[in-house]
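Chain letters run A, B, ... following the sequence lines, proteins first and then strands; every chain starts at 1. Please read all numbers here as calculations on a predicted model, not as lab measurements.
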Amino acid sequence: MHDIKLIRTEPEKVKAMLATRGVTGFVEKVLALDEKRRAIIVDVEGLKAKRNEVSKSIPQLKKEGKDVAPIMAEMKAVGEEISTKDSALKDIDAELKNILMTTQNLPSETTPVGKDESENVEVKKVGEPPKMDFEPKAHWDLGENLGLLDFETAAKISGSRFSLYRGQGAKLERALINFMLDTHTTENGYTEVMVPYIVKRSTMEGTGQLPKFEEDSFKLMDGDSFLIPTAEVPVTNMYRESILSADDLPIAHTAYTACFRSEAGSAGRDTRGLIRLHQFNKVEMVRICKPDDSYNELEKLLSDAESILQKLKLPYRVITLCTGDTGFSAAKTYDLEVWMPSYGRYVEISSCSNCEAFQARRAEIKFKREAGAKPEFVHTLNGSGLAVGRTFAAILENFQQADGSIKIPEALVPFFGTDILD
RNA sequence: GGAGAAGUACCCAAGCGGCUGAAGGGGCUCCCCUGCUAAGGGAGUAGAUCCGGGUAACGGAUGCGAGGGUUCAAAUCCCUCCUUCUCCGCCA
């Protein structure tokens with residue numbers, strides 16, 4: 001959600017920033033509604049003040065034996081006026097909230113300006129794509145040949161875009177989850193949480209998935225419960241409607257969850273393998289901090305995500321998303337992309353974002369710099385650390401041997417048990 | 001899922017149409033007394049959001065789980081929902 005005060009005080013700046021994301025007309029609409037809203041408030045609150053005052057005097061007048069019937073009649077009329085104006089105000093509030101809630105965040109000044117993913121900026125490349133003296137196979141073929149993955153059975157029981165891991169495959173997925181969680185908790189300073197996979201509407205609104213992207217979510221029959229698309233949703237919302245003390249910050253949580261995405265609109269893309277599924281595993285990192293620290297925190301988040309790829313010795317690159325490609329709630333996003341031989345290019349495996357106060361404003365997460373200080377909004381950040389299925393795929397593809405076996409990265413051996421998968 | 005009970009400020013808790021922005025405790029903060037970790041006395045203690053205001057002083061609105069309704073007036077009456085607790089049923 002946007003900061004209405006900023007829109008009031010610096011409309012031109014907001015306009016310019018949103019233009020880089022292809023949004024126009026927003027500031028004008030907001031200002032018009034805001035002006036209307038405030039005019040009604042002044043009006044209706046004056047009436048309420050009057051009613052309060054008169055109502056308070058009625059018992060005394062009664063005691064004095066005066067006739068209060070005319071006053072009560074007058075107040076009845078005032079009451080009706082109040083309720084008419086109150087409902088007009090409610091409509092404007094709803095309209096204003098809707099606009100503020102469905103318009104994407106302002107980009108950070110350090111986010112490169114660009115219209116789509118072609119204008120994202122590469123920050124660095126780490127590691128080299130493996131050179132193979134044989135024709136590399138895709139992970140779905142490797143996985144099925146080794147009996148690790150069974151997409152046919154997954155489709156039979158659940159439909160397309162589901163995965164089924166068997167035997168050593170299931171164990172590898174589990175080993176990756178443990179490896180990631182342990183790294184984040186013991187080395188990177190995160191506190192692990194295990195959270196519900198089903199959340200309420202207000203929770204989805206808090207992090208920005210709703211109201212705009214309802215059709216992208218899995219909604220339960222009651223109409224107000226949703227399967228989480230990422231652990232960012234329940235974990236960030238743990239702190240919804242709270243005022244934290246500065247000592248609590250930064251908060252750093254990591255969580256493993258399954259994630260559920262309808263993938264509406266991506267029909268035909270990445271139909272094979274583990275890349276794009278309705279249900280996938282992810283280890284997530286969430287950081288909540290003071291506004292002054294959030295860009296340092298973003299670098300920390302990024303390096304924590306990178307630490308997993310580095311330990312696994314997977315080749316990857318870091319890109320900064322441009323204004324046009326940055327997600328709805330984010331002000332700045334780094335994507336980590338892992339080298340995927342079957343695609344012949346780098347594929348997203350983590351997205352690390354600073355949402356600044358955008359989510360905090362929606363979810364009402366505040367902090368006090370010191371006791372008695374005025375509460376301020378925190379900044380929230382989230383990043384994958386990492387998408388587990390895609391990491392699985394990357395390991396299979398990058399560490400495949402000529403005979404179709406997979407060499408397990410050394411860092412993973414304590415979790416997986418052996419150093420070769422065949 | 002069935003039957004009951006309850007949700008009031010940091011915590012416990014009274015109130016059940018106007019005198020309650022909310023009694024009384026506890027806690028916390030400050031002060032006094034006391035030669036001192038005990039005890040006693042006094043004072044303070046909604047925080048928050050929104051609106052107005054030379055954006056200051058200050059004033060106003062909202063607010064007793066949430067949302068509606070009745071009324072001149074609601075913590076108090078009515079309706080819906082949520083949460084917690086107890087018992088029963090079911091279940092990992």
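- Under 3.5 Å, the side chains of A/Y190 and A/R287 contain a donor-acceptor pair of N or O atoms.
- For RNA chain B, none of the residues of residues 193-202 of chain A falls under the heavy-atom distance limit of 4.0 Å.
- Rounded to whole angstrom, the span from the CD1 atom of A/I365 across to the C1' atom of B/U49 amounts to 17 Å.
- A/E80 places its CD atom 13 Å from the P atom of B/G69, with the value rounded to the nearest Å.
- Atom-to-atom, NZ of A/K5 to P of B/U49 comes out at 8 Å; the value is rounded to the nearest Å.
- To the nearest angstrom, P of B/G69 lies 13 Å from CD1 of A/I82.
- Of the candidates A/N354, A/T323, A/T110, A/N105, A/T110 is the only one forming a side-chain hydrogen bond (donor to acceptor under 3.5 Å, both in side chains) with A/K332.
- The stretch residues 372-382 of chain A participates, sequence neighbours left out, in these salt bridge (charged side-chain N to carboxylate O under 4.0 Å, His left out) pairs: A/R369-A/E376.
- Comparing the same atom, P, in B/A75 and in B/A66 gives a spacing of 11 Å after rounding to whole Å.
- Across B/U83 and B/G67, the matching C1' atoms stand 15 Å from one another, rounded to whole Å.
- Positionally, the nearest nucleotide of RNA chain B for A/A373 lies more toward the 5' end than for the other of A/N52 and A/A373.
- Using a 4.0 Å cut-off between charged side-chain N and carboxylate O, A/E119 and A/K115 make a salt bridge.
- Using a 4.0 Å cut-off between charged nitrogen and carboxylate oxygen, A/K311 and A/E187 count as a salt-bridge pair.
- Qualifying ring pair (Phe, Tyr, Trp, His ring centres under 6.0 Å) partners for A/H253, counting only residues two or more places apart in sequence or in other chains: A/Y239.
- Residue contacts for A/R8: at a heavy-atom cut-off of 4.0 Å it reaches the sugar-phosphate backbone alone, with no base atom in range.
- Nucleotides B/G47 and B/U62 are separated by 14 Å at their C1' atoms, to the nearest Å.
- Not one N or O on the side chain of A/K282 forms a donor-acceptor pair closer than 3.5 Å with the backbone of A/A258.
- Salt bridge A/K300/A/E297: absent, no basic N to carboxylate O contact under 4.0 Å.
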Considering only nitrogen or oxygen atoms on both sides, find all protein atoms under 3.5 Å from nucleotides 53-58 of chain B and state each distance.
none

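- Side-chain polar atoms of A/H184 and A/T254 form no donor-acceptor pair below 3.5 angstrom.
- An OP1 or OP2 oxygen of B/C19 is reached within less than 4.0 angstrom by no side-chain nitrogen or oxygen of A/K56.
- Qualifying side-chain hydrogen bond (donor to acceptor under 3.5 Å, both in side chains) partners for A/E397, counting only residues two or more places apart in sequence or in other chains: A/H139, A/S342.
- Classification of A/D86 and A/K90 as a salt-bridged pair fails, no side-chain N sitting under 4.0 Å from a carboxylate O.
- Of the P atoms belonging to B/G60 and B/G7, the separation is 32 Å, rounded to the nearest Å.
- Side-chain contact, A/E306 with A/Y316: a donor N or O sits under 3.5 Å from an acceptor N or O.
- Every residue meeting the side-chain hydrogen bond (donor to acceptor under 3.5 Å, both in side chains) condition with A/D224, not counting sequence neighbours, appears here in chain and number order: A/R201.
- Nucleotides B/C19 and B/A74, compared at atom P, are 11 Å apart to the nearest Å.
- The stretch residues 27-50 of chain A touches RNA chain B through A/R37, A/R38, A/I41, A/V42, A/E45, A/K48, A/A49, each having a heavy atom under 4.0 angstrom from the strand.
- Among residues two or more places apart in sequence or in another chain, the side-chain hydrogen bond (donor to acceptor under 3.5 Å, both in side chains) test is passed with A/R37 by A/D93.
- A straight line from CD of A/E241 to P of B/A66 spans 11 Å, rounded to a whole angstrom.
- Comparing A/K90 and A/P59, the nucleotide of RNA chain B nearest to each residue sits closer to the 5' end for A/P59.
- Residues forming a side-chain hydrogen bond (donor to acceptor under 3.5 Å, both in side chains) with A/N296 (at least two apart in sequence, or on another chain): none.
- Rounded to a whole Å, the CD atom of A/E370 is 17 Å from the P atom of B/U29.
- Base-pairing analysis of RNA chain B finds the following stems of at least three consecutive Watson-Crick or G-U pairs, with both pairing distances under 3.5 Å: B:1-7 with B:82-88, B:10-12 with B:24-26, B:27-32 with B:40-45, B:48-52 with B:58-62, B:65-69 with B:77-81.
- Rounded to a whole Å, the CZ atom of A/R240 is 18 Å from the P atom of B/U49.
- Nucleotides B/A9 and B/G65 place their P atoms 7 Å apart, quoted to the nearest Å.
- Considering only residues two or more places apart in sequence or on other chains, A/F162 meets the ring pair (Phe, Tyr, Trp, His ring centres under 6.0 Å) condition with A/H278.
- Distance noted for atom C1' between B/C16 and B/U8: 12 Å (whole Å).
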Task: salt bridge (Lys or Arg N to Asp or Glu O under 4.0 Å) assessment of A/R261 paired with A/E263 - done: CA-CA 5 Å; A/R261 299 192 182 173; A/E263 293 298 341; 5.3 Å; no
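- Between A/K407 and A/D419, none of the side-chain N atoms (NZ, or NE/NH1/NH2) sits under 4.0 Å from a carboxylate O, so this pair counts as no salt bridge.
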N/O-N/O pairs, protein side and nucleotides 70-73 of chain B side, under 3.5 Å:
unit_1	atom_1	unit_2	atom_2	d
B/C72	OP2	A/K76	NZ	3.1
B/C72	O4'	A/M72	O	3.4
B/C72	O2'	A/S55	OG	3.1
B/A73	OP1	A/R51	NH1	3.2
B/A73	O4'	A/S55	OG	3.3

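- Rounded to a whole angstrom, the distance from the C1' atom of B/G17 to that of B/C64 is 15 Å.
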